[in-house]
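Predicted model, so just to flag it, every value in this text is computed and none were measured. Protein chains get the first letters and strands the later ones, always in sequence-line order, with residue 1 at the start of each. Values below: all heavy atoms of this structure, side chains included; hydrogens, waters and symmetry mates excluded.
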Protein chains: 2
Amino acid sequence: MTAPPQEMKRPVNKDGRQYRKSQATKMLILETAVNCFVKYGYHQTTALKIAEVSGLSRGAMRHHFVSKIDITRAAIDYLYEKRLQAFREAVTSIPADVDRIVFAVEAFWSQVNHPLYMAFFELSVASRTDSELAQVLRPAEETFNRTYMEMAAELFPEWSQRPDTLRVALNLARYLLEGMAVDLVARESVEAQGVLHLLERLLRDLRDRPDLRG
Amino acid sequence: MTAPPQEMKRPVNKDGRQYRKSQATKMLILETAVNCFVKYGYHQTTALKIAEVSGLSRGAMRHHFVSKIDITRAAIDYLYEKRLQAFREAVTSIPADVDRIVFAVEAFWSQVNHPLYMAFFELSVASRTDSELAQVLRPAEETFNRTYMEMAAELFPEWSQRPDTLRVALNLARYLLEGMAVDLVARESVEAQGVLHLLERLLRDLRDRPDLRG
DNA sequence: AAGAAAACAGCCATGGCTGCTTGTTAATTT
DNA sequence: AAATTAACAAGCAGCCATGGCTGTTTTCTT
């Protein structure tokens, strides 16, 4: 009986060109994965297909990510990172002297029309019947939701006196825009203008008239 | 060279017990298929699985439906038939002396919470990346949409003077409720009450105040 | 009652995807 | 420059879904 081989793995050198190449390849794989989710849907996206589109061999893929769920895990992080970042940018770039509701609606709407949203949507739907995926997706989504709420609270400080009204308003906006996006997915055309204007009007009402429940 | 065998197929006897059994089996298959779509998702539902759950052999299945897309085609007809029927029932059962908006919202909302909606939703999402399925689904969906609009027009005759406002209102209601349903799918909890009340209020405003655009 | 057709069972060949293994080249450490 | 490890290539065995074929039983027609 010998002692177990004390695998003293040397630390990764983050400056070496090997490391950078590895990172680049990983990014390539993740981007390809997300693109495939959008283009083929989650379940049609196989590990093999990702490898092929990336221009890598199956073995090379495996070196970086062992299985599809591994890729997916990393891709989800990557995806949500980007979504949050885009969100933050959109919100912080709103000028101070305009009606922020119009801008906020527009920002969310363009979010939801972005290809990245499609990827998220595919994952979300797939996760309903795939508990492994659901486990991976849930935390990322919770983070996103929390940030969404927090940013909204920052964006509308005058609203913070009635947090429950704000909550309902935010939920409504979100459901509506996501519902529009879904119809956009399936039916490719959505009567966006009128609906968006109505939403803006409703949000203004909710914000400006405290006596508006029921 | 003989003449082509002039296949004089005898007409189906719709009273025979063979025919009825066939119909029953077909129904069983379709119901199983829809259930599988809900339970496993469209792509996870294989022809084999449908056969197994139905308690049929692969050959027996094949006798009734050659391929999965065949089953799906028939299942879609079956599904939309049921959805439309449920819709019609819900609408026609609304009493005359109440605010029909509340009832209509409730009717649509319970529609969208029904398992059948989940099946439709799965198909709809899958059709984005599956053109064969899209082809099958599109006509059924168009029929449903048309009927939805028509029934709404019947339900709110006083609104028919401003068809564009009605259109926008109907679209908004639909997008919102579907968006809620989607979130329900993925996150299992939706702040329904407040949002539904807001929707009702908005619809009432739109109906009763003609000066409300912009 | 006999022939035809429908309803059903089960097998086989094919092809795609997965997990795993082995081999090769390039970079890094000492 | 020798040894080590990372990066990538490529193949294999197993699994499962599919399409298609053949055989058996039940029902229908005449």
Which nucleotides of nucleotides 15-22 of chain D have their base under 4.0 Å from a protein heavy atom (B), which only their sugar-phosphate (S), and which neither (-), written as one string 5' to 3'?
-> --SBBBB-
B:His64 vs C:dC8: side-chain N/O to OP1/OP2 distance below 4.0 Å = yes
Scan for salt bridge (charged side-chain N to carboxylate O under 4.0 Å, His left out) pairs involving residues 113-133 of chain A, sequence neighbours excluded, and state none if there are none.
-> A:Glu122-B:Arg128, A:Arg128-B:Glu122
Could you check which residues of residues 26-38 of chain A get a heavy atom under 4.0 Å from DNA chain D? Sort them by number, please.
-> none
Which side-chain N or O atoms in residues 73-87 of chain B pair as donor and acceptor under 3.5 Å with protein atoms at least two apart or in another chain?
unit_1: B:Tyr78; atom_1: OH; unit_2: B:Glu31; atom_2: OE2; d: 2.9

Hey, is the side chain of A:Thr25 poking within less than 4.0 Å of OP1 or OP2 on D:dA7, counting only N and O atoms?
-> no
The salt bridge (charged side-chain N to carboxylate O under 4.0 Å, His left out) partners of B:Arg88 (sequence neighbours excluded) come to none
Mind calculating the distance between CZ (B:Phe65) and P (C:dA7) to the nearest angstrom?
-> 12 Å
Expected list for residues 112-120 of chain B: side-chain donor-acceptor pairs under 3.5 angstrom, two or more places apart:
unit_1: B:Asn113; atom_1: ND2; unit_2: B:Trp109; atom_2: O; d: 2.8
unit_1: B:His114; atom_1: ND1; unit_2: B:Leu116; atom_2: N; d: 3.0

Phosphate OP1/OP2 of C:dA6: any B:Ser22 side-chain N/O under 4.0 Å = no
Please give, in whole Å, the distance from C:dG19 P to A:Asp70 CG?
-> 9 Å
Phosphate oxygens OP1/OP2 of D:dC8: is one of them under 4.0 Å from a side-chain N or O of A:His63?
-> no
Whole angstrom is fine here: how far is it from CE in B:Met61 over to C1' in C:dA6?
-> 17 Å
Distance-minimising heavy-atom pair for B:Thr143 and B:Thr147 | O-OG1, 2.8 Å
Between A:Arg20 (CZ) and C:dT28 (C1'), how many Å, whole number?
-> 13 Å
Calculate the interatomic distance between A:Gln23 atom CD and D:dA7 atom C1'; express it in whole Å.
-> 13 Å
Go through D:dC8, C:dC8, C:dA7 for me and flag the one nearest to the B:Ala60 side chain.
-> C:dC8
Pairwise side chain to side chain donor-acceptor pair (under 3.5 Å) hits with a residue in residues 52-62 of chain B, at least two apart = B:Thr32-B:Ser54
Is any side-chain N of the basic residue among A:Glu142 and A:Arg138 closer than 4.0 Å to the acidic one's carboxylate O?
-> no
Take atom CD of B:Glu52 and atom P of C:dC8, then tell me their distance rounded to the nearest Å.
-> 17 Å
For B:Ala104, all residues meeting side-chain contact (heavy atoms from CB on, under 4.5 Å), sequence neighbours excluded = B:Leu155, B:Phe156
Enumerate the residue pairs fulfilling ring pair (Phe, Tyr, Trp, His ring centres under 6.0 Å) with a member in residues 39-68 of chain A, sequence neighbours excluded, ordered by first and then second residue.
-> A:Phe37-A:Tyr42
